[in-house]
Amino acid sequence: MPAQTRRYSILSNKPVRVRFAPSPTGYLHIGSARTALFTWLYARANDGVFILRIEDTDQNRFVEDSLQQMMRSLRWLGLEWDEGPDKGGNYGPYVQSERLEHYQKWANWLVEQGKAYRCYATPQELARAKELAEKAGKRGAGYERMHRFLSDRERARLHDERGGKYVIRFAMPLEGTTEVYDKVRGKIVFDNSELNDAVLLKSDGFPTYHLAVVVDDYLMQISHVTRTTEWLPSFPLHARIYEAFGWEQPEWVHLPVILCPGGGKMSKRKPCKSEEGETIPVSVDEYIDAGYEPEAVVNWLTNLGWSFGDDREFFYVHETIQRFNFDRINPAPAKVPLSKLKALNGEHIRAMSDERIAQELHPMLEAVYGEIDTNKLLGIIPHIKARINPMRDAVPLVKFLFAKEFVPATTEQMIPRKMDAAQVKTILQRCYDVLNNLEDFSAAAQDKHIRALVEETGLKTGQVFSPLRWATIAQEVSPPLFESMEVLGKEVSLARLRDAIQRL
RNA sequence: GCUCCUAUCGUCUAGCGGUCGAGGACGUCGCCCUUUCAAGGCGAAAACAUGGGUUCGAGUCCCAUUAGGAGCACCA
């Protein structure tokens with residue numbers, strides 16, 4: 001192996017400690033949520049520890065309240081952490097801006113070891129160098145190394161001249177290759193000549209991501225570094241920093257990014273649209289607002305880039321924990337399949353207990369209709385659960401049951417095509433008589449007797465059912481007729497029917 | 001432009017050299033059920049990007065091309 005070529009591979013079998021490390025720049029992005037989910041799943045699948053760490057080393061990008069928002073979103077998804085800023089732990093603090101001493105200490109250590117150096121270049125000088133490099137058809141490597149090879153005298157002179165203002169840059173090997181090993185895609189080889197001397201410590205004394213992530217992951221004993229492929233280009237840098245410190249490498253897991261159906265990665269800035277022009281929610285909050293159930297979002301996200309096996313796509317998170325690993329991750333980037341979320345959401349609702357649905361629906365209905373009769377609500381749920389997706393679709397569907405004031409149908413609505421008012425009036429009157437005579441007002445009994453009536457009159461089912469439904473339910477879309485009347489009750493149903501007959 | 005990653009139905013995916021004349025799901029389209037709307041049942045159309053290798057045999061391995069993606073900051 002050439003002197004400058006190193007291989008980094010995975011040998012250790014340490015306890016699983018993984019972390020989700022967002023920077024508090026806004027809401028929790030759906031892509032970040034998936035990274036958090038996969039990380040959390042790995043921890044739970046391996047009796048590991050899941051850590052929340054805040055990467056707030058950019059003072060300019062800090063967004064007030066962002067941390068609270070993110071924690072709320074994570075908890076909504078059910079991704080509870082074991083160590084974190086609000087919980088503490090043995091490896092804290094868990095907020096990088098409170099860990100500055102570590103970064104400074106280790107950055108200086110690297111300088112002392114000759115593995116990093118102070119660079120006094122001003123932003124203007126760098127911009128100019130960059131411009132020149134671009135003009136020469138080059139980009140990246142080269143321009144920033146202006147202060148890497150200085151004599152002590154030159155360095156001292158610059159130090160005075162620039163008022164002691166400098167950044168610390170990592171001294172990347174100039175030749176050879178760096179081989180790294182990613183759990184998802186295997187060996188990746190980089191040419192060292194393509195790499196540049198990244199800034200580790202900024203002139204304000206704050207670390208860059210590159211320094212902070214390595215120092216913290218090491219100090220927090222992170223066993224598996226999970227992140228998206230955005231970080232693949234700086235993978236060799238991070239591996240080299242570990243090497244420079246003499247620290248054992250963690251395992252590296254680069255998850256594929258998720259894309260907008262229209263192309264490009266989902267961004268917080270640009271709105272993301274489906275091919276049909278429909279807006280695709282980007283933050284977890286937007287998914288909450290859209291009315292999706294947390295278990296559906298989790299189920300959906302789990303299927304994006306990972307597969308359960310057995311041709312199953314509907315499952316619960318406890319089932320995922322039984323079999324989650326990084327081996328089944330598909331390395332290819334994927335477009336968000338929003339229509340699958342809708343389908344999954346409906347499936348989860350249908351699989352929920354009536355009590356759970358009632359619990360979710362109660363406050364929504366109360367807000368619109370006032371006090372809600374729990375028995376009636378529980379009674380109607382079996383007949384609406386296949387018709388509500390998202391959950392709030394229930395609100396208009398049960399209006400006939402809970403609205404303070406019943407708004408009767410118009411006569412036009414009650415009269416089917418090719419029939420007239422007189423016919424409808426007659427048939428409704430006969431329905432009234434049949435229903436009124438019923439001891440047992442169950443849907444089954446109603447069904448039996450009304451069907452007998454249909455038979456007797458020689459009319460089509462729709463010619464009887466439709467006016468009856470309009471007369472008693474008075475909605476374009478409703479749960480099934482007899483079941484609805486059963487829950488409504490005999491008295492109310494008949495009163496509405498009587499009124500309809502009068503108006504015809 | 002340079003570096004790196006990726007490549008199976010429209011989309012999400014299964015497939016880790018022979019069991020693949022490629023399986024599932026969503027979506028789409030038929031049919032059935034049906035009082036509305038759903039749900040459900042049955043069925044159909046729909047893919048291994050292209051070209052070279054390797055091999056007795058390639059969707060599966062290698063290379064190139066093409067396409068998509070990511071990155072190239074004193075941002076993460």
Side-chain angles (χ1 to χ4, degrees), chain A residues 21-23 25 55-58 60-61 119 121-123 126-127 130 134 137-141 144 165-169 182 184-185 188-191 193-196 198-204 206-210 212-213 227-236 254 256-257 259 261 263-265 274-276 300 303-314 327-328 330-344 346-347 350 383-389 393 397 416 450 454 460-470 473 475-482:
Chain A
S23 53
T25 55
E55 312 218 321
D56 60 343
T57 54
D58 184 2
N60 303 320
R61 296 214 306 166
C119 170
T122 63
L126 288 174
K130 187 175 178 178
E134 269 172 11
K138 283 185 179 177
R139 245 189 123 172
E144 84 291 351
K165 205 170 180 190
Y166 60 84
V167 300
I168 292 180
R169 285 182 186 274
D182 172 55
V184 177
R185 55 214 92 219
I188 305 172
V189 184
F190 292 83
D191 228 318
S193 60
E194 298 288 344
L195 276 15
N196 50 208
V199 172
L200 298 181
L201 201 71
K202 299 184 250 184
S203 55
D204 62 3
F206 275 64
T208 59
Y209 171 83
H210 303 119
V213 75
R227 31 141 85 148
T228 53
T229 52
E230 300 167 75
W231 296 109
L232 232 30
S234 46
F235 189 177
H254 289 92
V257 291
L259 272 24
K265 77 169 180 179
S274 71
E275 274 122 350
E276 294 79 38
W300 175 65
N303 280 318
L304 229 192
W306 185 81
S307 61
F308 191 85
D310 303 342
D311 282 338
R312 274 229 279 157
E313 293 195 359
F314 177 93
D327 302 336
R328 293 189 70 81
N330 180 347
K335 296 175 181 175
V336 282
L338 191 65
S339 67
K340 284 207 172 209
L341 173 57
K342 286 178 187 158
L344 236 23
E347 231 179 308
R350 271 172 263 136
H383 310 112
I384 63 169
K385 74 202 288 188
R387 291 166 230 265
I388 53 174
N389 184 18
D393 284 351
L397 209 53
I450 296 292
V454 170
K460 288 180 184 165
T461 354
Q463 293 179 302
V464 178
F465 282 47
S466 182
L468 183 55
R469 203 175 62 85
W470 276 109
I473 314 298
Q475 287 174 195
E476 191 84 47
V477 177
S478 78
L481 173 57
F482 302 126

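Quick note: numbers below take in every heavy atom, side chains included, and nothing from hydrogens, waters or symmetry partners. Within every chain, numbering begins at 1; the chains are lettered A, B, ... in the order of the sequence lines, protein sequences first and strands thereafter.
In this structure, the nucleotide among B:rC72, B:rA70, B:rU13 sitting nearest to the side chain of A:Pro233 is B:rA70. Taking only side-chain atoms of A:Asp311, from C-beta outward, the nucleotide of B:rU35, B:rG23, B:rA7 with the closest atom is B:rG23. In this structure, of B:rC72, B:rG68, B:rG24, it is B:rG24 that holds the atom nearest to the side chain of A:Glu313. Taking the side chain of A:Val199 as heavy atoms from C-beta on, and the options B:rU36, B:rC74, B:rU11, the nearest nucleotide is B:rC74. The side chain of A:Glu55 sits closest to B:rA76 out of B:rA76, B:rC12, B:rC74. Of the candidate nucleotides B:rC5, B:rA70, B:rC75, B:rC75 has the atom nearest to the side chain of A:Lys202. With B:rU36, B:rG69, B:rU3 as the choices, the nucleotide that has an atom nearest any side-chain atom of A:Leu259 turns out to be B:rG69. Checking B:rG40, B:rU36, B:rA25 against every side-chain atom of A:Pro480, the shortest atom distance belongs to B:rU36.
In this structure, the side chains of A:Phe465 and A:Trp470 stay at 4.5 Å or more apart for every pair of heavy atoms. Looking at A:Thr208 and A:Asp58, their side chains never come closer than 4.5 Å, going by heavy atoms from C-beta outward. In this structure, the side chains of A:Val336 and A:Pro261 come closer than 4.5 Å at one or more pairs of heavy atoms. Looking only at side-chain heavy atoms (C-beta outward), A:Arg387 and A:Val477 stay at 4.5 Å or farther from each other. Put simply, the side chain of A:Glu230 does not reach to within 4.5 Å of the side chain of A:His254, judged on heavy atoms. Using a 4.5 Å heavy-atom threshold, the side chains of A:Leu397 and A:Pro479 count as touching. Between A:Lys202 and A:Tyr166 the shortest side-chain heavy-atom distance does not fall below 4.5 Å.
Comparing the same atom, C1', in B:rG23 and in B:rG30 gives a spacing of 23 Å after rounding to whole Å. As rounded to the nearest Å, B:rU19 and B:rU36 have P atoms that lie 49 Å from one another. Comparing B:rA46 with B:rC12, their C1' atoms are spaced 15 Å from each other, to the whole Å. Between B:rC4 and B:rU60, the two C1' atoms lie 24 Å apart (nearest whole Å). Nucleotides B:rA14 and B:rC2 are separated by 36 Å at their C1' atoms, to the nearest Å. Rounded to the nearest Å, the gap between the P atom of B:rA73 and that of B:rA47 is 43 Å. A gap of 29 Å separates the C1' atoms of B:rG27 and B:rU35, to the nearest Å. One P atom belongs to B:rC42, the other to B:rA49, and the distance between them is 31 Å to the nearest Å.
Annotation for A:Arg185 and A:Pro331: closest pair NH1-O, 3.5 Å, computed over non-hydrogen atoms.
Checked by distance alone, A:Ser203 brings a side-chain donor or acceptor within 3.5 Å of a matching partner on the base of B:rC74. For B:rA70, its base never sits under 3.5 Å from the side chain of A:Lys265 at any donor and acceptor pair.
Within 4.0 Å of A:Pro479, counting heavy atoms only, lies at least one base atom of the nucleic acid. As judged by a 4.0 angstrom heavy-atom cut-off over every strand, A:Gly346 is placed among residues making no nucleic acid contact. Note on A:Ile188: only backbone sugar-phosphate atoms sit closer than 4.0 angstrom, heavy atoms only; bases stay farther off. As judged by a 4.0 angstrom heavy-atom cut-off over every strand, A:Phe314 is placed among residues making no nucleic acid contact. A:Ala121 comes within 4.0 angstrom of a nucleotide base, judged by non-hydrogen atoms across all strands. At the heavy-atom level, A:Trp231 lies under 4.0 Å from base atoms of the strands shown. Within the 4.0 angstrom heavy-atom criterion, no nucleotide atom of any strand lies near A:Asp191. Using a 4.0 Å heavy-atom criterion, one finds that A:Pro207 contacts the sugar-phosphate atoms exclusively. At a threshold of 4.0 angstrom between heavy atoms, the contacts of A:Pro123 include nucleobase atoms, whether or not backbone atoms are also involved. At the heavy-atom level, A:Arg185 lies under 4.0 Å from the strands shown only through sugar-phosphate atoms. A:Gly309 comes within 4.0 angstrom of no nucleic acid atom, judged by non-hydrogen atoms across all strands. Within 4.0 Å of A:Pro256, counting heavy atoms only, lies no atom of the nucleic acid at all. Within the nucleic acid shown, A:Val167 comes within 4.0 Å of at least one base atom, counting heavy atoms only. Within 4.0 Å of A:Thr461, counting heavy atoms only, lie sugar-phosphate atoms of the nucleic acid but no base atom.
Along RNA chain B, the nucleotide nearest A:Asp56 and the nucleotide nearest A:Arg350 are compared for position; the residue whose nucleotide lies closer to the 5' end is A:Arg350.
In this structure, A:Asn330 reaches the B:rA14 phosphate: one of its side-chain N or O atoms is under 4.0 Å from OP1 or OP2. For A:Arg227 and B:rA76, the shortest distance from a side-chain N or O to OP1 or OP2 is not below 4.0 Å. A:Thr57 has a side-chain polar atom (N or O) that falls below the 4.0 Å cut-off from OP1 or OP2 of B:rA76. A close approach under 4.0 Å does occur between a side-chain nitrogen or oxygen of A:Ser307 and OP1 or OP2 of B:rA14.
Applying the Watson-Crick and G-U wobble criteria (two distances, each under 3.5 Å), B:rG43 pairs with B:rC29. Pairing partner, B:rC2: B:rG71, with both Watson-Crick or wobble hydrogen-bond distances short of 3.5 Å.
At whole-Å resolution of the value, CZ in A:Arg312 and C1' in B:rC12 are 17 Å apart.
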